[in-house]
Amino acid sequence: MGTYLTKGTTFTTGDTVTAASLNNLVDNATVTAGSIGSTQLGANAVTNGKIIASATGSEPVTTGTIRDNAISNAKLAQMAAKTVKANATNGAADSTDVPVAVSELLAGTATTINALSFTTDLEMVDSSDVVKTDNTAAKIRVAANLIGGKASVTADELDEILIKDATDGALKRATVKSAVQSQVASTVASGACALATAAELIDPSGADANDVISAATGSPMLAKAWVEFTYGADGKTGDVAQTITNSFNITSLTRNGEGIYDILFATDLPSDNYVLFSNGIVSSLSDGYYLMGKITSKASPTGSGCTVKFAQYNDYNDYKDPDDVATLIFYGLTS
């Protein structure tokens with residue numbers, strides 16, 4: 001047995017024993033330093049008040065006096081459902097229980113930690129890719145709203161899209177223009193077309209299969225206006241209004257003398273850089289013949305109209321009215 005007390009009085013042989021000395025034996029006795037261990041303490045024998053440090057007046061339990069891993073989760077205060085402990089402030093502070101609701105992730109900002117919702121563009125699914133919002137959720141994937149929930153835009157050639165690279169499988173960006181033009185048309189129903197040049201239209205041997213006519217390059221090859229008409233019953237004596245049988249882009253065709261006709265276009269031609277292909281027939285005379293027409297003047301403003309005169313091919317100063325079908329076709333450039 002260990003020595004727990006140091007006597008208050010020590011007797012030697014021959015000492016006189018008195019009441020005072022006997023009292024001092026007990027009253028002045030002290031507990032031997034280090035003699036009381038955990039086995040000598042009763043269960044629940046030490047209260048909080050008994051571990052106050054006499055020098056400071058405060059409880060001496062500190063971080064340094066707590067053993068590593070000594071405090072289990074069960075010993076911590078309970079937390080509200082679906083919360084995590086964090087310091088969500090912009091400075092040093094005690095931790096608090098930060099709530100994280102369904103479909104939210106914690107994210108650090110410049111001043112705090114926020115629970116941010118990702119439901120606009122992402123969604124939770126289970127291992128079978130079924131949308132879940134409970135404890136069966138296993139992963140996050142892109143939601144249909146990632147595209148369907150966005151505002152529409154008319155794509156510009158420099159706008160960018162994401163494409164999976166077939167070489168390494170990574171997502172990479174590409175312009176709308178490059179994505180479309182990379183798919184060259186091989187049939188009338190696939191791929192992108194390119195605009196042919198005027199030279200390629202004239203000589204298509206050097207053109208690609210997907211080269212097509214554009215309005216600008218194809219314009220000289222397209223008729224700008226045409227009209228088919230007859231005049232009177234007699235090329236020399238008939239004096240009745242002409243009859244227009246077919247026309248395109250012609251507002252009016254007015255006879256202004258023997259074999260002379262003023263043309264007015266419904267839509268002005270872009271410039272005076274246009275030509276006429278024409279023919280007419282005089283069939284009422286015994287020596288019926290063909291007439292040739294030519295532009296003799298062009299009206300102002302540019303392209304608004306012109307005057308055409310018909311005459312026999314071997315005497316162009318002898319103007320004649322066509323009493324059978326006459327045709328005028330106008331071709332021109334864009335400028």
Side-chain angles (χ1 to χ4, degrees), residues 43-44 46-53 55-183 192:
N44 303 315
V46 181
T47 63
N48 288 339
K50 296 303 182 180
I51 59 174
I52 297 297
T56 62
S58 61
E59 296 181 7
V61 178
T62 63
T63 300
T65 59
I66 298 175
R67 298 194 315 274
D68 291 345
N69 305 316
I71 301 176
S72 66
N73 287 333
K75 296 301 182 181
L76 296 176
Q78 284 194 337
M79 301 167 62
K82 293 185 289 186
T83 60
V84 296
K85 285 196 177 296
N87 174 10
T89 71
N90 197 30
D94 293 337
S95 62
T96 57
D97 297 341
V98 179
V100 183
V102 63
S103 299
E104 288 185 342
L105 293 173
L106 287 181
T109 70
T111 58
T112 186
I113 295 176
N114 285 352
L116 306 181
S117 172
F118 57 81
T119 55
T120 300
D121 294 334
L122 305 173
E123 61 189 6
M124 295 186 297
V125 295
D126 62 14
S127 57
S128 300
D129 288 330
V130 177
V131 176
K132 295 290 185 179
T133 57
D134 56 17
N135 62 349
T136 62
K139 53 188 177 181
I140 297 174
R141 72 176 181 187
V142 170
N145 255 2
L146 182 65
I147 295 178
K150 301 301 181 292
S152 298
V153 64
T154 300
D156 182 84
E157 65 178 22
L158 296 181
D159 288 346
E160 294 183 329
I161 56 177
L162 284 177
I163 292 181
K164 179 183 176 182
D165 191 337
T167 301
D168 58 14
L171 281 177
K172 297 180 181 178
R173 59 192 178 97
T175 64
V176 173
K177 179 180 179 180
S178 65
V180 172
Q181 290 185 340
S182 66
Q183 308 302 314

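Below, each value reflects all heavy atoms present in this structure, side chains not excepted, and no hydrogens, waters or symmetry copies.
Expressed to the nearest 0.5 Å, how far OG1 of T119 lies from CD1 of I140 amounts to 11.0 Å. A distance of 10.0 Å separates CZ of R173 from CG of L162, quoted to the nearest 0.5 Å. How far CD of E123 is from CG of D121: 10.5 Å, rounded to the nearest 0.5 Å.
The backbone N or O of G148 sits nowhere less than 3.5 Å from a side-chain atom of N145 that would complete a donor-acceptor pair. Within the 3.5 Å criterion, the main-chain N or O of V125 finds no donor-acceptor partner in the side chain of R141. Judged by distance alone, the side chain of D165 and the main-chain N or O of T167 form a donor-acceptor pair under 3.5 Å. T112 places no side-chain N or O within 3.5 Å of a backbone atom of N114 that could act as its donor or acceptor partner.
When the options T96, V98, D97 are evaluated for a side-chain contact (heavy atoms from CB on, under 4.5 Å) with V84, the one that passes is V98. Under the side-chain contact (heavy atoms from CB on, under 4.5 Å) test applied with M124, the options V102, V131, T136 reduce to a single match, V102.
A side-chain donor-acceptor contact under 3.5 Å links T175 and S178.
Scanning both residues, T154 and D159, for their nearest heavy atoms gives O-OD2, 3.9 Å. Closest approach of A115 and P99 over heavy atoms only: CB-O, 3.7 Å. Scanning all heavy atoms of the two residues, the minimum distance from A110 to N90 falls at O-OD1, 3.5 Å. Taking all atoms of both residues into account, the shortest heavy-atom contact from N87 to I113 is O-CD1, 3.7 Å.
Within a 6.0 Å sphere centred on CG of D94, other residues, nucleotides and ligands contribute 12 heavy atoms or fewer. In L171, the CG atom is crowded: over 12 heavy atoms of neighbouring residues, nucleotides or ligands sit closer than 6.0 Å. With a 6.0 Å radius and a threshold of 12 heavy atoms from other residues, nucleotides or ligands, K139 has its NZ atom above the threshold. In this structure, K75 places its NZ atom where only 12 or fewer heavy-atom neighbours from other residues, nucleotides or ligands lie under 6.0 Å away.
With contacts defined as side-chain heavy-atom distances shorter than 4.5 Å, the pair D156/V176 does not qualify.
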